[in-house]
Amino acid sequence: MNKLLSNEPIVVGGTAEEYWAGGEYHPTDLDLCLGLSPRDRKALVSVGLHKRGRHWTREDLPVAVEFPGPGDDIERTVSVRVGGVSILMISCEDLYLDRLRQATVSWPREDVSFDAALELALTNYTTLDWDYIRGRLGKMASRERRVGALMVAVSRRVRSRARRQSVALVAVTAPSD
């Protein structure tokens, strides 16, 4: 896992969620974190993309491209090869934290962001770096007290549910004697 050091675009959002959770996702856009300079905008126009609202589109492309921001909250990325091309993907841990932050908006009601965090936790429970997540949550709680506290609460519920479901799954799939 790489610490974010480059200016390369980073795949985030639903596409990253599909990668990490392995679920079926039908993207309507490709989210890339990268601060766009005037030169970048000119390059996008030169390849036939047009800005419509927050998306860059082209008639012959099945999805739009969105640049939600520079990715300042992303600390870890992984390099992934897709179709022979190396791309940077947000780490599963940072994506989990992003989904937790989004889930605080409707907390305590569980919404699609809560479900996404739960899916990430379920499918990656044993490989997620929970110490890293705890550390990042602690930093967020000290920087943004209210949001950080809500993220901790959401994470507790997600992790507890993921742990229970993981144990139940192991019990169901364990060979009987």
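The structure displayed is predicted, hence computed values, not measured ones. We count residues from 1, following the sequence as given.
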Exercise. Considering only heavy atoms from C-beta outward, does the side chain of Tyr19 approach that of Ile90 to under 4.5 Å?
Worked result: no

For this session: Answer yes if Val105 and Met151 sit in the same cluster of Ile, Leu, Val, Met, Phe, Trp and Tyr residues linked by side chain heavy atoms under 4.5 Å apart, and no otherwise.
Result: no

Exercise. Is there a side-chain contact between Val147 and Met140 (heavy atoms, below 4.5 Å)?
Worked result: no

For this session: Test side-chain hydrogen bond (donor to acceptor under 3.5 Å, both in side chains) on Ser160 and Arg164 and set out the steps.
Result: CA-CA 6 Å; Ser160 172; Arg164 279 195 316 271; 2.9 Å; yes

Problem set entry | Worked verdict on Arg161 versus Glu110 for side-chain contact (heavy atoms from CB on, under 4.5 Å) | CA-CA 12 Å; Arg161 195 170 296 168; Glu110 295 175 8; 2.9 Å; yes

For this session: Evaluate the side-chain proximity of Ile74 to Ile10: yes if any heavy-atom separation is below 4.5 Å, no if none is.
Result: yes

Problem set entry | Gap between atom CG of Leu88 and atom OG of Ser79 - 0.5 Å precision | 6.0 Å

Exercise. With a 4.0 Å cut-off, would you call Arg99 and Glu119 a salt bridge?
Worked result: no

Exercise. In the single-linkage hydrophobic clustering (I, L, V, M, F, W, Y; side-chain heavy atoms under 4.5 Å), do Trp20 and Val80 co-cluster?
Worked result: yes

Exercise. Take atom CZ in Arg146; do more than 12 heavy atoms of anything else shown fall under 6.0 Å from it?
Worked result: no

Exercise. Of all heavy-atom pairs between Thr127 and Glu93, which one has the smallest distance, and what is that distance?
Worked result: O-OE2, 3.9 Å

Problem set entry | Euclidean distance, Arg156 CZ relative to Leu100 CG, rounded to 0.5 Å | 12.0 Å

Seminar exercise, completed: Output for pair (Leu120 CG, Asp115 CG), nearest 0.5 Å, gives 11.0 Å

Exercise. Will you find, in the side chains of Asp129 and Tyr96, an N or O donor that is under 3.5 Å from an N or O acceptor?
Worked result: no

For this session: Flag yes if Leu44 and Leu61 sit in one hydrophobic cluster, no otherwise; membership is Ile, Leu, Val, Met, Phe, Trp, Tyr, and two members link when side-chain heavy atoms are under 4.5 Å apart.
Result: yes

For this session: State, to 0.1 Å, how close Cys92 and Leu128 come at their nearest heavy-atom pair, and which atoms those are.
Result: SG-CD2, 3.6 Å

Exercise. Salt-bridged, Arg134 to Asp131, with N to O below 4.0 Å?
Worked result: yes

For this session: Give the minimum heavy-atom separation between Gln165 and Leu122, together with the two atoms involved.
Result: OE1-CD1, 3.1 Å

For this session: Please indicate whether Arg58 has more than 12 foreign heavy atoms, meaning atoms of other residues, nucleotides or ligands, lying under 6.0 Å from its CZ.
Result: yes

Exercise. Rounded to the nearest 0.5 Å, how far apart are CD of Glu75 and OG of Ser91?
Worked result: 9.0 Å

Exercise. Backbone N or O of Val152 within a donor-acceptor pair of the Ser155 side chain at under 3.5 Å?
Worked result: no

Seminar exercise, completed: Closest heavy-atom pair, Ala141 versus Ala149, reported as atoms and distance to 0.1 Å, is CB-N, 4.5 Å

Problem set entry | Heavy-atom pair with the smallest gap, counting every atom of Leu118 and Ala162 | CD1-N, 3.9 Å

For this session: Could I get the full list of ring-ring contact (aromatic ring centres under 6.0 Å, His included) partners for Trp107, not counting sequence neighbours?
Result: none

Problem set entry | Distance in Å, Trp130 CH2 paired with Asn124 CG, rounded so as to fall on 0.5 Å steps | 9.0 Å

For this session: Hey, could you give me the CG/CE distance between Asp94 and Met89, rounded to the nearest 0.5 Å?
Result: 13.0 Å

For this session: Indicate yes or no: at least one non-hydrogen side-chain atom of Phe114 is less than 4.5 angstrom from one of Val154.
Result: yes

For this session: With the side chain counted from C-beta on, respond yes when Ile133 and Leu137 share a heavy-atom pair under 4.5 Å apart, and no when they do not.
Result: yes

